[in-house]
Trainee: 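Input: one structure, supplied below.
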Amino acid sequence: MIIVGNFKSYLVRKGDAETVVKAAGKLKTKHKIILAPSFVHLGYISAKKHKVALAAQNLSIFEGGAHTGEVSADVILDSAAEYVIVGHSERRAGGETNSIVATKVCQALGSKLKVVLCVGEAERDSHATYLSFITEEITSALKGVKENDFKNIIIAYEPIWAIGKSASEAITTDDLEEMTLFIKKIVHENYGEKQAKAIKILYGGSVNAENVKSLMVPGLDGFLPGRASASKETLIALIEAIDS
Ligand code: PGA
């Protein structure tokens, strides 16, 4: 399984972020652990070379130059992060459109960063318009992606209604299985079989040690926990629960 831990803005002290990264690095696990501290902590932590992969939580649409406060893909790569989270719902809520997300995906891949692309509907309705919403989020983001780069994309399905809630409010097993297949189908229909096989799919939204086992559905490659990744106890408990 792939576990992408999104620390969001939970951790203030760099030492606390490093404690989680260090603890994850010491785990004897077959799972791929990718942790996403804040930009500032990222530079500090990666310099110390822990045994987990690192991700940034965002990147600039610009390549570099006169863009005050922006962090470009190349700067992220230089901080030894291999991955970047793109299009998280908390950023989309701040005005990040599908077109901005598409630009960021191209910037990231162009700089050889791997992309964790977040998609997810705010609510579900009986007419299933959320399915077209997800289709648009995925196809617009992947429009400029070259065939060879699909292996460098992880899609994280994160329904907004399930983020930051309790374990019992996460998605149901049946709904998650259906969405996983649906996402594979979107990629297959729009880009081809090879691409659909190459792409990885994660689920995010109130995943923790309590519910992770029940969310391990066929076709799903892993999880994107937020809150549960931001302390060493809850992150280790989550990873152990996967193997239990
Ligand atoms: P959560 O966050 O696990 O705290 O619900 C997931 C996310 O927003 O990435």
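As the structure lists them, so they are numbered: ligands from 1, and atoms in each ligand from 1. Since the structure is predicted, the reported quantities are computational estimates derived from the model, not experimental observations. Excluded from the calculations below are hydrogen atoms, water molecules and symmetry mates; all remaining heavy atoms, backbone and side chain alike, are included. We number each residue from 1, following the sequence as shown.
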Trainee: Verify side-chain hydrogen bond (donor to acceptor under 3.5 Å, both in side chains) between Glu177 and Thr180, making sure each step is shown before the conclusion.
Mentor: CA-CA 5 Å; Glu177 193 168 346; Thr180 306; over 6 Å; no

Trainee: With a cut-off of 4.0 Å, which atoms of ligand 1 are near a heavy atom of Arg227?
Mentor: 1 (P), 3 (O), 4 (O)

Trainee: Could you see which bit of Asn6 sits under 4.0 Å from ligand 1, with heavy atoms only: side chain, backbone, both or neither?
Mentor: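 Looking at Asn6 and ligand 1, just side chain atoms fall under 4.0 Å.
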
Trainee: Tell me whether Lys165 has any N or O atom under 3.5 angstrom from an N or O of ligand 1.
Mentor: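 Checking ligand 1 against Lys165, no N or O pair falls under 3.5 Å apart.
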
Trainee: Can you tell me if Ala228 contacts ligand 1 (heavy atom of the residue under 4.0 Å from the ligand)?
Mentor: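 Ala228: no contact with ligand 1 (<4.0 Å).
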
Trainee: Show which atoms of ligand 1 fall inside a sub-4.0 Å distance from at least one heavy-atom site of Ile163.
Mentor: 2 (O), 5 (O), 8 (O)

Trainee: Please enumerate all residues that pass salt bridge (charged side-chain N to carboxylate O under 4.0 Å, His left out) together with Lys151, with sequence neighbours excluded.
Mentor: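 Salt bridge (charged side-chain N to carboxylate O under 4.0 Å, His left out) list for Lys151, sorted by chain: empty.
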
Trainee: Hey, does Pro225 sit under 4.0 Å from ligand 1 if you only count heavy atoms?
Mentor: yes

Trainee: Taking only heavy atoms of Leu224 into account, list the atoms of ligand 1 that are under 4.0 Å away from them.
Mentor: 6 (C), 9 (O)

Trainee: As an exercise, state the distance from CD1 of Ile186 to CG of Leu142, rounded to the nearest 0.5 Å.
Mentor: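 Between atom CD1 of Ile186 and atom CG of Leu142 there are 9.5 Å.
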
Trainee: Once you round to the nearest 0.5 Å, how far does OG of Ser89 lie from CD of Glu96?
Mentor: 10.5 Å

Trainee: What's the spacing between Met1 CE and Thr29 OG1 if we round to 0.5 Å?
Mentor: 11.0 Å

Trainee: Specify the protein heavy atom at minimum distance from atom 5 (O) of ligand 1: its residue, its atom name, and the distance to 0.1 Å.
Mentor: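 Sorting protein heavy atoms by distance from atom 5 (O) of ligand 1 puts Gly164 N, 2.6 Å first.
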
Trainee: His67: which residues meet the ring-ring contact (aromatic ring centres under 6.0 Å, His included) condition with it, sequence neighbours left out?
Mentor: Phe62

Trainee: Considering heavy atoms of the protein only, find what lies nearest to atom 3 (O) of ligand 1 and give residue, atom and distance to 0.1 Å.
Mentor: Gly226 N, 2.8 Å

Trainee: In Å, rounded to the nearest 0.5 Å, how long is the span from NZ of Lys194 to CD of Glu147?
Mentor: 4.0 Å

Trainee: What residue and atom, counting heavy atoms only, is the protein's closest point to atom 2 (O) of ligand 1, and at what distance?
Mentor: Lys8 NZ, 3.1 Å

Trainee: Provide the number and element of each atom of ligand 1 under 4.0 Å from a heavy atom of Gly205.
Mentor: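 Near Gly205, meaning under 4.0 Å from one of its heavy atoms, ligand 1 has 5 (O).
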
